[in-house]
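For this chain, numbers begin at 1 and follow the sequence in order. Remember, predicted model here, so these are calculated numbers, not experimental data.
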Amino acid sequence: MLTLLNLLKDGRFHSGQALGVALGISRSAVWKQLQHLEAELGLTIHKVRGRGYQLADPLTLLDAEKIAVSTPGWPISIFDSIDSTNAEALRAVDRGQTAPFLVLAERQVSGRGRRGRKWASPFAENLYYSLVLRIDGGMRRLEGLSLVVGLAVMQALRKAGVPDAGLKWPNDVLVGDKKIAGILLELVGDPADVCHVVLGIGINVNMQATDEVDQRWTSVRLESGRICDRNVLAAELNSQLRAYLQRHESEGFSGLQAEWEANHLWQGRPVSLIAGVNQIEGVVQGIDNQGALRLKVNGVEKVFSGGELSLRLRDDS
Ligand code: ATP
Ligand code: BTN
């Protein structure tokens with residue numbers, strides 16, 4: 001099916017006969033595959049008598065060579081369709097694949113967010129990216145790691161023409177109050193000995209509409225007004241991650257604490273911190289040198305950390 005898409009991706013008209021000859025199949029088999037492309041991948045294909053078939057929007061598919069330019073030491077696997085790049089990355093660790101390595105996909109059918117939520121992942125519109133690292137007995141290398149990933153994603157977005165991208169603790173990337181990227185870290189092994197961590201990143205790149213997201217969201221294209229080349233963005237994300245991970249390794253999270261706080265969109269804002277059924281009201285002071293949230297609660301500074309916490313702006317803020 002993707003061979004057919006490769007023929008169509010230039011956005012020009014192709015006759016059914018030419019497509020059939022190129023693929024070695026009949027014109028009616030071409031027709032079936034086209035219908036399948038529309039139904040399965042949500043693509044729109046114009047069909048014009050006498051001219052043939054044309055993709056409504058030209059496509060640039062992910063290309064490992066272009067993505068690897070700045071990080072040749074990170075081998076890349078690209079899937080047309082996968083349940084979740086994080087899930088595939090964890091399976092690859094299980095199979096013994098040597099880290100670091102990258103898993104990317106054109107779409108995810110079970111893209112996952114934090115706490116079992118679903119991450120909307122339409123075909124060829126966004127980035128679904130998982131980088132696997134091996135960590136040898138270094139709990140310190142895990143401290144604040146998801147916040148460090150947030151900084152790298154934010155910088156890559158700024159380079160892609162989204163100057164207002166900023167951070168929301170612990171690891172959302174927002175433009176104003178709209179989510180543009182999400183980060184999900186998953187860990188296997190023994191953090192005190194040898195473990196692997198999957199840095200899962202979803203960035204809304206060219207998505208313009210979806211009925212799958214139940215909160216305010218945006219994309220690079222919606223913010224910049226331009227189609228964004230996902231290969232260029234992924235290559236930039238690689239180099240930002242490499243640079244920030246190196247700094248994190250050499251300086252520890254405390255070396256990045258001030259930079260993170262300077263880019264925290266909710267610094268000084270009144271918030272509710274939700275922990276399961278409990279809700280704590282406070283004012284954001286910042287983060288500590290391990291990435292935990294510092295909140296002033298009833299005049300006293302308290303520190304909160306853990307993957308199950310959610311921050312909401314207070315209605316009165
Ligand atoms: P918090 O982490 O503070 O609870 P959150 O509401 O963003 O913030 P997450 O678990 O981090 O929750 O993210 C999952 C949520 O993100 C989903 O419930 C959905 O509303 C939203 N979401 C899913 N897909 C996308 C997407 N492609 N772009 C933006 N948001 C999305
Ligand atoms: C969140 O904000 O809840 C985190 C969303 C993380 C989504 C990315 S997309 C690539 C990787 N694979 C997944 O299944 N999830 C992460």
Side-chain angles (χ1 to χ4, degrees), residues 1-9 23 33-34 36-43 45 55 57-114 116-134 149 153 156 181-188 196-207 210 212-213 219-220 227-238 241:
M1 199 163 67
L2 282 189
T3 325
L4 173 58
L5 197 55
N6 266 314
L7 295 171
L8 288 172
K9 72 181 183 192
L23 297 173
Q33 282 203 19
L34 286 166
H36 196 56
L37 277 180
E38 287 193 300
E40 266 280 296
L41 306 182
L43 298 169
I45 298 166
L55 271 183
D57 283 315
L59 268 183
T60 307
L61 295 175
L62 294 172
D63 180 334
E65 244 175 66
K66 292 183 183 154
I67 297 172
V69 280
S70 53
T71 47
W74 296 357
I76 306 177
S77 306
I78 297 177
F79 293 83
D80 302 333
S81 180
I82 196 91
D83 50 354
S84 142
T85 54
N86 268 27
E88 174 56 29
L90 289 168
R91 289 192 290 267
V93 170
D94 238 27
R95 293 193 296 266
Q97 185 167 345
T98 308
F101 63 89
L102 276 166
V103 179
L104 280 88
E106 293 291 4
R107 74 160 177 174
Q108 300 183 117
V109 290
S110 304
R112 48 203 202 206
R114 298 201 307 148
R117 290 170 174 162
K118 204 171 163 354
W119 188 255
S121 309
F123 183 81
E125 293 188 17
N126 301 325
L127 273 185
Y128 318 115
Y129 172 113
S130 298
L131 170 64
V132 182
L133 303 176
R134 179 188 153 120
V149 175
V153 173
I183 294 160
L184 177 67
L185 263 57
E186 298 190 65
L187 203 128
V188 273
H196 286 85
V197 61
V198 179
L199 313 179
I201 299 169
I203 303 183
N204 296 335
V205 187
N206 292 315
M207 186 161 79
T210 173
E212 281 185 74
V213 181
S219 67
V220 177
I227 292 182
C228 170
D229 184 331
R230 292 176 304 145
N231 291 313
V232 174
L233 179 62
E236 181 60 31
L237 180 60
N238 280 346
L241 276 169

Do [X] and [Y] come within less than 4.5 Å of each other through their side chains, counting heavy atoms only?
| X | Y | result |
| --- | --- | --- |
| Phe123 | Leu37 | no |
| Leu104 | Leu127 | yes |
| Ile201 | Leu241 | yes |
| Val220 | Asn206 | no |
| Val93 | Phe101 | yes |
| Lys118 | Glu212 | yes |
| Leu4 | Leu34 | yes |
| Trp74 | Ile76 | no |

Any luck finding a side-chain donor-acceptor pair between [X] and [Y] under 3.5 Å?
| X | Y | answer |
| --- | --- | --- |
| Asn238 | Thr71 | yes |
| Arg107 | Ser81 | yes |
| Glu186 | Asn86 | yes |

Determine yes or no for a side-chain-to-main-chain donor-acceptor pair under 3.5 angstrom, with [X] supplying the side chain and [Y] the backbone.
| X | Y | result |
| --- | --- | --- |
| Asn204 | Glu125 | no |
| Glu38 | Ile45 | yes |
| Asn126 | Val205 | yes |
| Gln108 | Trp119 | no |
| Tyr128 | Ile203 | no |

Might you point out which heavy atoms bring [X] and [Y] nearest each other, and give the distance in Å?
| X | Y | result |
| --- | --- | --- |
| Glu88 | Val103 | CG-CG1, 3.9 Å |
| Glu106 | Asp80 | CB-O, 3.3 Å |
| Gly113 | Leu184 | O-CD2, 3.8 Å |
| Ala156 | Leu233 | O-CD1, 3.8 Å |
| Pro100 | Pro75 | O-CD, 3.3 Å |
| Gly111 | Ser84 | CA-CB, 4.4 Å |

Practice task
Assess whether side-chain contact (heavy atoms from CB on, under 4.5 Å) is satisfied between Leu90 and Val198, documenting all intermediate values.
Solution key: CA-CA 7 Å; Leu90 289 168; Val198 179; 3.6 Å; yes

Fill in the blank from the handout: Rounded to the nearest 0.5 Å, the CG atom of Asp57 sits from the CG atom of Leu59 at a distance of 7.5 Å

Practice task
Give, for atom CG of Leu61 and atom CD1 of Ile78, the distance between the pair rounded to the nearest 0.5 Å.
Solution key: 9.5 Å

Exercise for the section: Might you work through the side-chain contact (heavy atoms from CB on, under 4.5 Å) test for Leu5 and Leu55, ending with a clear yes or no? Expected result: CA-CA 9 Å; Leu5 197 55; Leu55 271 183; 4.2 Å; yes

Exercise for the section: Tell me, with the steps shown, if Arg91 and Ile82 meet side-chain contact (heavy atoms from CB on, under 4.5 Å). Expected result: CA-CA 12 Å; Arg91 289 192 290 267; Ile82 196 91; 4.0 Å; yes

Exercise for the section: Could you walk me through whether Asp63 and Arg230 pass the salt bridge (Lys or Arg N to Asp or Glu O under 4.0 Å) test, one step at a time? Expected result: CA-CA 9 Å; Asp63 180 334; Arg230 292 176 304 145; over 6 Å; no

Exercise for the section: Decide side-chain contact (heavy atoms from CB on, under 4.5 Å) for Ile183 and Leu199; before the verdict, give the C-alpha distance in whole Å, the side-chain angles of both, and the deciding distance to 0.1 Å. Expected result: CA-CA 7 Å; Ile183 294 160; Leu199 313 179; over 6 Å; no

